[in-house]
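Fair warning: this is a prediction, and the values are worked out from it, not measured in the lab. Chain letters run A, B, ... following the sequence lines, proteins first and then strands; every chain starts at 1.
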Protein chains: 2
Amino acid sequence: MKPTIKDIAARAGVSKTTVSFAINNPTRISKETCDRILAIVDEMGYFPNPVARTLTTKRLGSLGLLLPQPLPEVLNNPHLCDIISGIGEECEKRGLSLTMLPPVQGRIIEAARRAFVDAIVTIGVGPDHEVVDFLNSHGIPFVTIDGEETSSTVNVGIPDEKAAYDLMKHMLSLGHRKMAILCVKPDTKSIAENDHRSIVLEKRLSGFSRALNEVGLNLVAPDISLLETEGSLVGGKNAGEKLFVLEPGTRPTAIVAMADIIALGTYAAAREASLSIPVDISIAGFDDIEQSRYYEPALTTMHQSGRQKGQKAAGMAIELLNGGHPAHCSFPCNLIVRASTGPVPSRSASYKSS
Amino acid sequence: MKPTIKDIAARAGVSKTTVSFAINNPTRISKETCDRILAIVDEMGYFPNPVARTLTTKRLGSLGLLLPQPLPEVLNNPHLCDIISGIGEECEKRGLSLTMLPPVQGRIIEAARRAFVDAIVTIGVGPDHEVVDFLNSHGIPFVTIDGEETSSTVNVGIPDEKAAYDLMKHMLSLGHRKMAILCVKPDTKSIAENDHRSIVLEKRLSGFSRALNEVGLNLVAPDISLLETEGSLVGGKNAGEKLFVLEPGTRPTAIVAMADIIALGTYAAAREASLSIPVDISIAGFDDIEQSRYYEPALTTMHQSGRQKGQKAAGMAIELLNGGHPAHCSFPCNLIVRASTGPVPSRSASYKSS
DNA sequence: AGTGACTTGTAAACCGTTTTATAAATCATG
DNA sequence: CATGATTTATAAAACGGTTTACAAGTCACT
């Protein structure tokens, strides 16, 4: 069937060793022999079995991506797709393949256990997660994306606290005081093992909180509502539907979603409720995914590049694998103000009349 | 570091074989010995090295997905994401991991060569593609998605010819006679080895052609323009910008895109050109991705379920692996008429005045 | 007691590579 | 023309498992 090194050796009338050298260490043998063998290799379409090779070299040629959720949910989230794109790009450049490792039986660590890769990138895994211990104790090089910068992990992320602060400042400066914050709902299984989102979520909430405090509000104020939604268009739409049935007086005048995809989902709900964006309701998101520019009105959002995060993380994982010691990396992010946020509707602007 | 089977054997005072049996074939040895060994396994945190195990069992526990394009392009295409979701779902159910195999040096066959997986799913690979020969001759079980139903491949798809016919009929019944058809541009490298899109594209074009013929038109008629675009939002936007600068008399009154994502990209161009959908221009797509319902106006499209195609294909690949003989599978698809298509603008409806 | 059938455990071969140690052949040099 | 250095090729060990074939011990039954 698939030719092995033995077949090549037999065909060339040499030993397995010689064939191995021809492929991995050409200077070790004479040019003629090498060329002759390589020709046969080519002719028979031989390719060294990576598994067998791994047994001795300890290199498999594959990078693993430990996903926080099942694949369908991940692929529904454009920002996560961007991250994967970045990782994929880097892998391609280095000739590695990329293995997706979604939770097994709802547990990330089980996925890590059966992972069949040289190095790992995780998304949203904090330093206290059991999988961190596992990877460290087994000496598997790994880099976390959207985790924390500690001594037991190497992380790639953005300054989420500041990002959230800036975004909230923007909303407040427009006069909004009644707001809904849409968070990604961790699926139950993930919760059990320290949901990935909680890391980023906490940082952002503390950023929001800081901005709110400056105007005498806080996250538990009656006018600030925190909603959990699925991280998808439908999730956003459902959340929007719940909010938009409220009376104009009690209804939030602004929505801040933890992901653009959620924010865009609320557009559909707003349309159904005949609310105009941004006249009746202001909406903002996080991530700045491509679509956000295409929707009408274009979405105000906190820009970050998933692609960049992915690339960097993959590069760092490979660096670790090669014995390097990459440092934590935090990419800048900036607020992109587009057409979906505007001043608070005058009627709701009770603070103005004071 | 990581304990091996030898360590366990030594600690338990038995042979490697016995340990192996304790793990894989417990009935083969006495219950007591088995329990004793398993206790030690647990205590030492032993986990059989999957690489070594594979060498003899020939099962890797991983399914490979041979992608037609680099990962970033694939992940930008929601329909492809849906397919991957479906495959992922099935993999998860069976406890397999999923390895992404984008073209290596622009060649799909190179990706297949270094693939180390139990079975493969391809997207858009036709029976004449070199990789089909490769996989068949190496005895690697594989299933094609959006390929062709031949004896050398097992395929999962939809009746693309009929789908295209139905969609075109819809446009024609609305009175449209000047039309632009937006096709996915195969990236140059893929062309070199028989671009994947060509399979589906050809079927669809022949479906369009059949419908056009019924009203005395054809694909090369002056009023029918065929454009190649990138399979993304930007691709659609760019194409739209080219079309919308044309004079109202020569400008197409309808756009049919080979993918929803392209169709949605033209929305932005239409908005910039102050054209109203569907009053000034009708737009339709293929796939019925989730977003298509969320854009305003909601997109008329030919529904198909990528998720379903992916699930089925993965299931069939595994069936092949287990010695089964799954049959070709063609899923039904149906036209979803939404708000983006309407009657041809009266001024352009020259055929009416005849 | 002898026979055949199970149990239970093991030694050795094997999977497809790389790597190490070694042998044989060639070459340059005093 | 020995001698040591350098090339070139190889046999054998290793990697960490599984599987095959076999041996020893039990057991039941004639």
To the nearest angstrom, how far is [X] atom [atom1] from [N] atom [atom2]?
X	N	atom1	atom2	result
A/Asn24	C/dT18	CG	C1'	7 Å
B/Lys6	D/dG17	NZ	C1'	11 Å
A/Asp35	D/dT8	CG	C1'	15 Å
B/Arg59	D/dT19	CZ	P	12 Å
A/Asn49	C/dT18	CG	P	10 Å
B/Asn25	D/dA21	CG	P	16 Å
A/Lys2	C/dG16	NZ	P	11 Å
B/Ile5	D/dT19	CD1	C1'	12 Å

Trace of the side chain to side chain donor-acceptor pair (under 3.5 Å) decision for B/Thr99 with A/Ser97: CA-CA 7 Å; B/Thr99 299; A/Ser97 64; 5.5 Å; no
So which one's nearest nucleotide on DNA chain C is more toward 5', B/Cys34 or B/Ala52? B/Cys34
Using modelled atom types only, decide if a donor and an acceptor are shared between the side chain of B/Asn136 and the backbone of B/Ser152 within a distance under 3.5 Å. yes
Sidechain N-carboxylate O distance under 4.0 Å for B/Lys309, B/Asp146: yes
N-O pairing of B/Arg94 and B/Glu90 below 4.0 Å: yes
With a 4.0 Å cut-off on heavy atoms, is [X] in touch with a base, just the backbone sugar-phosphate, or nothing at all?
X	value
A/Thr4	sugar-phosphate
A/Thr54	nothing
A/Ser20	base

At under 4.0 Å, does any side-chain N or O of B/Lys58 touch on OP1 or OP2 of C/dG16? yes
Six-ring centre of A/Phe21, A/Arg28 cation under 6.0 angstrom, axis tolerance 45°: yes
CG (B/Leu38) and NZ (B/Lys31) are apart, to the nearest 0.5 Å, by 9.0 Å
What's the separation between atom NZ in B/Lys16 and atom CD1 in B/Ile5, rounded to the nearest 0.5 Å? 7.0 Å
Close N/O contacts between protein and nucleotides 10-12 of chain C (under 3.5 Å):
residue, atom, partner, partner atom, Å
C/dT10, OP2, B/Ser15, N, 3.1
C/dT10, OP2, B/Ser15, OG, 3.3
C/dT10, OP2, B/Thr18, OG1, 2.6
C/dA11, N7, B/Thr17, OG1, 3.4
C/dA11, N6, B/Thr17, OG1, 2.9
C/dA12, N6, B/Thr17, OG1, 3.4

